[in-house]
Peer 1: 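Quick one: structure below, then a few questions.
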2 protein chains.
Amino acid sequence: MQQGLARVSRPRLYEQLVEQLLAYIETAKLGPGDLLPAERDLAERLGVSRATLAQALVALEVLGVIDVQHGTGAVLARRPSVASVIKGLREHQSRLPDIVEARSTLEVKLASLAALRRTDQDLEAIDSALDVMAEEIGSGDRGARGDELFHQAVTTAAHSSVLAQLMAFIAEMILETRMESLGQPGRPEQSLASHRKIAEAIRKQDADAAAEAMLAHIELVSDVALLK
Amino acid sequence: MQQGLARVSRPRLYEQLVEQLLAYIETAKLGPGDLLPAERDLAERLGVSRATLAQALVALEVLGVIDVQHGTGAVLARRPSVASVIKGLREHQSRLPDIVEARSTLEVKLASLAALRRTDQDLEAIDSALDVMAEEIGSGDRGARGDELFHQAVTTAAHSSVLAQLMAFIAEMILETRMESLGQPGRPEQSLASHRKIAEAIRKQDADAAAEAMLAHIELVSDVALLK
DNA sequence: ACTGTCTAAGAGGCTAGTCCAGTGAGCCAG
DNA sequence: CTGGCTCACTGGACTAGCCTCTTAGACAGT
């Protein structure tokens with residue numbers, strides 16, 4: 001399944017430079033507002049061309065670590081910003097219990113909001129996701145695609161952009177949990193049933209029931225992962 | 001307050017290129033796995049040098065939109081990924097109600113977890129944050145620093161790395177809300193009182209009370225913002 | 001003394017040209 | 001049919017140079 005082997009690592013100079021610069025900032029105890037050495041200077045010290053260094057600086061800028069100002073230099077952003085967050089997420093690949101915890105927090109809230117705010121159109125999307133899932137399971141599949149569609153539909157139905165963005169943020173991590181759970185025999189059917197319960201609560205616009213059903217669902221889906 | 005005027009915008013070619021490339025991907029209906037045109041080709045079409053285009057590609061890579069492979073080309077990532085999330089957050093600067101909603105969801109959960117998992121050291125940090133806040137308010141200040149310290153301390157006490165990362169993710173947005181609220185006359189004192197209530201619940205390790213107190217606090221703090 | 005103007009040094013922005021290093025399709029011999 | 005070779009094509013990186021922006025300091029003029 002998936003896509004076979006991951007391509008062997010492809011080393012890129014600018015990536016190493018990002019690491020080195022981050023380390024430099026750390027050891028040199030540079031704080032917000034401080035300036036990095038000049039490009040020509042840095043390039044020489046690191047033994048790379050200015051063009052390559054420029055790429056590393058772009059990367060740091062996108063990551064929110066620095067703010068490059070024409071004529072002045074590269075100044076450190078006031079906060080570590082989103083940068084460290086993303087880096088932390090990517091590197092640590094946080095432990096599963098924490099992921100489940102975050103997922104549960106967000107999705108329970110999302111489910112109750114969906115119950116309150118859903119439109120008929122949202123409901124259609126939810127139902128069609130259930131159909132897809134039922135069909136997948138019927139043909140012996142694990143129903144992963146329907147599962148993903150369902151949770152997306154519920155998220156959409158909650159009409160809360162920031163919560164939706166947070167969900168997208170941890171979506172990749174959740175995916176791992178989901179794949180493992182659906183691989184268990186009998187699980188897809190159980191999962192489909194609990195999805196139906198959530199959908200019903202949302203249909204009736206019963207926020208508490210929706211929250212409860214979602215909580216139960218996530219606990220069902222997560223216990224396997226937790227045992228590992 | 002803050003830092004006076006924001007520096008006038010500094011146009012950067014690579015930023016424009018990122019926009020154009022994103023638009024191109026959109027209009028050309030390129031999907032995951034598809035290849036972008038070759039660098040030399042793109043550079044010519046866009047009227048820039050390859051070095052500059054390379055910067056734009058680095059930016060897109062950091063954003064998770066593409067995956068540049070030596071000898072093959074720039075292939076679109078399987079998912080829109082975190083990229084669109086960040087972009088969305090930065091650009092739309094989501095509406096306040098949504099922010100408050102997300103904040104409330106996370107912090108209420110964080111408060112109850114903190115009640116269950118706090119160590120004595122966590123409690124000390126929370127208390128000292130309250131001291132800082134009281135002192136600030138005593139000297140006529142708004143107590144913003146103490147406020148921030150308090151919420152950070154509670155987040156730490158919850159010992160949930162993923163939730164903490166999500167909080168960091170929306171921290172900037174929350175800051176705006178906080179500043180406005182504390183600017184109201186009488187608010188700092190009210191805010192301090194509700195902080196104390198949260199701290200007490202955490203001290204007694206009463207999760208429900210902590211959640212309730214946090215919810216009340218956020219509602220108090222947010223109503224002004226919502227009126228705007 | 002104060003204030004406004006000018007200038008030059010130094011910072012980043014961008015380009016053009018060149019060479020190096022993977023990738024993969026296609027050809028050809030075994 | 002398989003293995004190995006080649007070659008065209010793709011990105012990776014560097015160099016050299018010129019442009020624009022920022023800022024501190026000199027130098028007026030008041």
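Please read all numbers here as calculations on a predicted model, not as lab measurements. Lettering of chains follows the sequences in order, A, B, ..., and the numbering in each one begins at 1.
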Peer 1: Strictly by modelled atom types, are A/Y24 and A/E19 linked by a side-chain donor-acceptor pair under 3.5 Å?
Peer 2: no
Peer 1: Parallel, tilted or perpendicular for B/H151 and B/H195, by the 30°/60° rule?
Peer 2: perpendicular
Peer 1: Would one find a side-chain N or O of B/T52 under 4.0 angstrom from OP1 or OP2 of C/dT15?
Peer 2: yes
Peer 1: Side chain of A/A38 only, heavy atoms from C-beta on: which candidate in D/dG11, C/dG12, C/dT15 is closest?
Peer 2: C/dG12
Peer 1: So, does the side chain of A/R12 form a donor-acceptor pair with the base of D/dG11 at under 3.5 Å?
Peer 2: no
Peer 1: What distance separates A/Q55 CD from B/Y14 OH, expressed to the nearest 0.5 Å?
Peer 2: 12.0 Å
Peer 1: With nearest nucleotide decided by heavy atoms, which residue, A/G71 or A/G47, maps closer to the 5′ end of DNA chain D?
Peer 2: A/G47
Peer 1: Expressed in angstrom and rounded to an integer, what is the separation of B/Q69 atom CD from D/dG11 atom P?
Peer 2: 11 Å
Peer 1: I'd like to know if the side chain of A/E136 reaches the main chain of A/G146, judged simply by a donor and an acceptor atom lying under 3.5 Å from each other, with no hydrogens or angles considered.
Peer 2: yes
Peer 1: In whole angstroms, how far is the P atom of D/dT10 from the CG atom of B/D34?
Peer 2: 16 Å
Peer 1: At less than 4.0 Å, is any side-chain N or O atom of B/T72 found next to OP1 or OP2 of C/dG24? Yes or no.
Peer 2: yes
Peer 1: Using whole Å, what does the distance between atom P of nucleotide D/dG11 and atom CD of A/E15 come to?
Peer 2: 16 Å
Peer 1: Round to the nearest Å and state the distance from B/L46 atom CG to C/dT15 atom P.
Peer 2: 11 Å
Peer 1: Grab the CG-P distance between A/L53 and D/dA13 for me, whole Å please.
Peer 2: 12 Å
Peer 1: Has the side chain of B/H70 got a donor or acceptor atom sitting under 3.5 Å from an opposite partner on the base of C/dA21?
Peer 2: yes
Peer 1: Starting at atom CG of A/L35, determine the distance to atom C1' of D/dT23, rounded to an integer number of angstrom.
Peer 2: 12 Å
Peer 1: Just checking, is any N or O donor in the side chain of B/S128 or B/D131 under 3.5 Å from an acceptor N or O on the other one?
Peer 2: no
Peer 1: Taking N and O atoms by type only, does the side chain of A/R40 place a donor or acceptor under 3.5 Å from a partner on the base of C/dG12?
Peer 2: yes
Peer 1: Rounded to the Å, how far apart are A/Q55 CD and D/dG11 P?
Peer 2: 13 Å
Peer 1: Let me spell it out: for each of A/A51 and A/G73, pick the nucleotide of DNA chain C with the closest heavy atom. Which residue's pick is nearer the 5' end?
Peer 2: A/G73
Peer 1: Measure the distance from OH on B/Y14 to C1' on C/dT15 and round it to the nearest whole Å.
Peer 2: 18 Å
Peer 1: Could you check whether the side chain of B/R50 and the base of C/dG17 have a donor-acceptor pair of N or O atoms closer than 3.5 Å, going by distance alone?
Peer 2: no
